[in-house]
Trainee: 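The structure that follows is given in the form of structure tokens.
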Amino acid sequence: MKLFSSVNDVKDVPALVARALQLKQNPYAHQHLGKNKTLSLVFLNPSLRTRMSTQKAALNLGMNVIVLNIDKEGWALELRDNVIMNGTTVEHIREAAGVMGEYSDIIGVRSFPGLKDREEDYSESIFNKFVEFCKVPVVSLESATRHPLQSLADLVTIEELKTKARPKVVLTWAPHIKALPQAVPNSFAEWMCKADVDFTIAHPAGYELCADFTNGATITHNQDEAIKDADFIYVKNWSAYEPYGAVTGGNEGWMLTNAKLDAVAPNAKVMHCLPVRRDLELSSEILDGPKSVVIHEAGNRVWAAQAVLKQMLETL
Ligand code: CP
């Protein structure tokens, strides 16, 4: 595997999930694979889980790791071509990514969308420039439109905790005060549509995701109907795809509570990628109660990253 940017880069999704669960049982069995190999993790945006879990995964495989918070510690990057660099940018992504490739066997990149220009964000121009210019295998640490390491960890979590062969999985929109990217819900939808699950997406009118990611899902504006008898409920806010990046008020009632779960989904396990804003996006009573699996889910980020890195190391 030379690129991990979406579920479409994975030949056999069930095999990758199984590998992640095997690595969880035996984390240090493949330390020889990463000996004298370097993973560079390049962040254009903040991170807790992705940074720590991917670093831990690489160390488990015997790799060396370099972390660069390029937004804070690097030279100001120019991302556009054909511009005279007489403004605030100091280094072009062509040289910066090329140099990083000289120091790395695999590079991970995190680059969020601007949420202003849909065409620009959905072209994945920043992530794709790193891929083009660094000339080594690249793992997405979340890009403008997808978060595949998160989605793989989510699928690993569902596989691990499910109590029936084909569980009902619901992605439900949640309230927030900021305009958030569509990367996590896009990606979760894309992975669930390829998994052996009964998948529903619930959101208020106006928060339709790009149809490219939701093909095969049941989509509804009725949250209670959607979560009825769910086995897993994935809570996440996202801003509108159309008009792009918009946030409309009046949907505070979409926050999941124990009362809602007790009424229609008493056996549901509640997931969230984190970070989560308590009692805005998701109620504290759920986060602190037995139905929440958010910490377990975050723990599985290590095994998801390790499964991907192992496959990349095997094909270097
Ligand atoms: N879920 C997730 O990607 O968390 P971070 O943004 O903290 O990495």
Side-chain angles (χ1 to χ4, degrees), residues 4-7 20 39-60 65-73 106-115 121 124 126-127 130 138-158 160-161 169 171-174 176-192 209 213 232-239 256 269-278 280-282 286-287 292-309:
F4 182 74
S5 64
S6 89
V7 73
L39 172 71
S40 294
L41 301 176
V42 183
F43 289 89
L44 285 81
N45 306 95
S47 168
L48 185 160
R49 278 143 292 274
T50 307
R51 173 194 313 271
M52 293 183 72
S53 61
T54 311
Q55 195 163 350
K56 171 75 176 140
L59 293 172
N60 287 352
V65 187
I66 298 170
V67 180
L68 176 62
N69 303 308
I70 199 165
D71 57 329
K72 298 184 186 69
E73 299 157 353
I106 301 173
I107 292 184
V109 179
R110 166 164 284 199
S111 62
F112 285 173
L115 290 180
D121 288 346
E124 291 287 6
I126 300 175
F127 182 80
F130 270 97
V138 177
V139 181
S140 167
L141 304 176
E142 185 172 347
S143 66
T145 65
R146 291 179 168 99
H147 195 353
L149 284 178
Q150 178 68 53
S151 306
L152 174 57
D154 297 334
L155 186 52
V156 166
T157 305
I158 289 168
E160 199 180 19
L161 301 180
V169 178
L171 167 63
T172 180
W173 185 92
H176 207 283
I177 51 161
K178 286 181 65 183
L180 296 193
Q182 293 123 30
V184 169
N186 279 347
S187 203
F188 185 74
E190 188 173 55
W191 283 72
M192 288 305 122
L209 292 166
F213 299 89
F232 296 91
I233 303 176
Y234 198 95
V235 177
K236 186 71 185 86
N237 170 267
W238 62 88
S239 60
L256 204 61
K269 294 176 176 63
V270 178
M271 304 175 71
H272 190 290
C273 63
L274 305 179
V276 64
R277 291 195 183 221
R278 283 174 166 250
L280 174 71
E281 240 183 314
L282 183 53
I286 291 181
L287 284 164
S292 169
V293 297
V294 300
I295 304 297
H296 186 97
E297 178 186 357
N300 280 337
R301 292 290 307 272
V302 175
W303 319 114
Q306 197 166 330
V308 170
L309 292 173

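Just so you know, ligand 1 is whichever comes first in the structure, and atom 1 is the first atom listed for that ligand.
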Trainee: Check this for me - ligand 1, Arg51, N or O atoms closer than 3.5 angstrom, yes or no?
Mentor: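 The answer is no, given that Arg51 and ligand 1 share no N or O pair closer than 3.5 Å.
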
Trainee: Indicate whether any N or O donor in one side chain lies under 3.5 Å from an N or O acceptor in the other, for Arg146 and Ser5.
Mentor: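 The answer is no; no qualifying pair exists.
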
Trainee: Can you confirm whether Lys72 is buried at NZ, in the sense that more than 12 heavy atoms of other residues, nucleotides or ligands lie under 6.0 Å from that atom?
Mentor: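 Above 12, so yes.
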
Trainee: Are any of the N or O atoms of Leu274 closer than 3.5 Å to those of ligand 1?
Mentor: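 Yes, there is a polar N/O contact under 3.5 Å.
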
Trainee: Does any N/O atom on Arg110 come nearer than 3.5 Å to any N/O atom on ligand 1?
Mentor: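 It does: an N or O of Arg110 is found under 3.5 Å from an N or O of ligand 1.
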
Trainee: What protein heavy atom sits nearest atom 3 (O) of ligand 1, and how far off is it?
Mentor: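 Residue, atom and distance for the closest contact: His147 NE2, 2.7 Å.
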
Trainee: If the cut-off is 4.0 Å to any non-hydrogen atom of Cys273, which atoms of ligand 1 fall inside it?
Mentor: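 Listed by number with element, the hits are 1 (N).
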
Trainee: Main chain of Leu115, side chain of Asp121: is a donor-acceptor contact present, judged purely on distance under 3.5 Å?
Mentor: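 A pair under 3.5 Å: yes.
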
Trainee: Between Trp238 (side chain) and Val184 (backbone), is there a donor-acceptor pair under 3.5 Å?
Mentor: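 The answer is no, because no donor-acceptor pair under 3.5 Å joins these two groups.
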
Trainee: Would you confirm whether Arg301, through its side chain, and Ala153, through its main-chain N or O, come within 3.5 Å as a donor-acceptor pair?
Mentor: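 Judged by distance alone, no pair lies under 3.5 Å.
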
Trainee: For atom 7 (O) of ligand 1, which protein heavy atom lies nearest, and how many Å away is it?
Mentor: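 Going by distance alone, atom 7 (O) of ligand 1 is nearest to Leu48 N, 2.7 Å.
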
Trainee: Just by modelled atom types, is the Thr157 backbone N or O under 3.5 Å from a matching donor or acceptor in the Glu297 side chain?
Mentor: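 Absent.
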
Trainee: For Arg301, take its heavy atoms, then give the atoms of ligand 1 lying under 4.0 Å from any of them.
Mentor: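 Near Arg301, the atoms of ligand 1 are 1 (N), 2 (C), 3 (O).
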
Trainee: Just distances here: any N/O of Pro275 and N/O of ligand 1 closer than 3.5 Å?
Mentor: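 No, there is no polar N/O contact under 3.5 Å.
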
Trainee: Using a distance-only test with no angle check, is there a side-chain donor-acceptor pair under 3.5 angstrom linking Asn186 and Gln182?
Mentor: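 Their side chains do not contain a donor-acceptor pair, so the 3.5 Å distance test is not met.
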
Trainee: Quick one: look up the protein heavy atom nearest atom 4 (O) of ligand 1 and list residue, atom name and how far away it is.
Mentor: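 Answer, as residue, atom name and distance: Arg49 NE, 2.9 Å.
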
